[in-house]
Amino acid sequence: MTRATCSLCGQQAETDEAPLTWLTSVEDGRKLLYCDRCTRENVRNIEGKLDSVYW
């Protein structure tokens, strides 16, 4: 079983399913997960649709 992991900070969820408060993004054909903390800290960049490379 692989735990859901935040693509920015590496925080792991308690299960393989991402919590409902986490963000799912598809970038360059890859599914990425962001924890609620990283999502809140980068909401303006996310809304502007900037790739995470620019965060």
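Please read these numbers as outputs of a predicted model, since none were measured by experiment. In what follows, every heavy atom counts, from backbone to side chain, and hydrogens, waters and symmetry copies are set aside.
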Taken in chain and number order and not counting sequence neighbours, the residues that satisfy side chain to side chain donor-acceptor pair (under 3.5 Å) with Q12 are R3
Correct closest heavy-atom pair for T2 and D16 would be O-CB, 2.8 Å
By side chain to side chain contact (heavy atoms under 4.5 Å, CB included), R40 pairs with (sequence neighbours left out) D36, R37
A4 meets the side chain to side chain contact (heavy atoms under 4.5 Å, CB included) criterion, sequence neighbours left out, with A13, A18, W22, L33
Scanning both residues in full, the closest heavy-atom pair of C6 with C35 reads SG-N, 3.3 Å
The single option from T24, L8, N42 that satisfies side chain to side chain contact (heavy atoms under 4.5 Å, CB included) with Y34 is L8
Sorted by chain and residue number, the side chain to side chain donor-acceptor pair (under 3.5 Å) partners of T5 (sequence neighbours excluded) come out as none
| query | Strictly by modelled atom types, are S25 and E27 linked by a side-chain donor-acceptor pair under 3.5 Å? | reply | yes
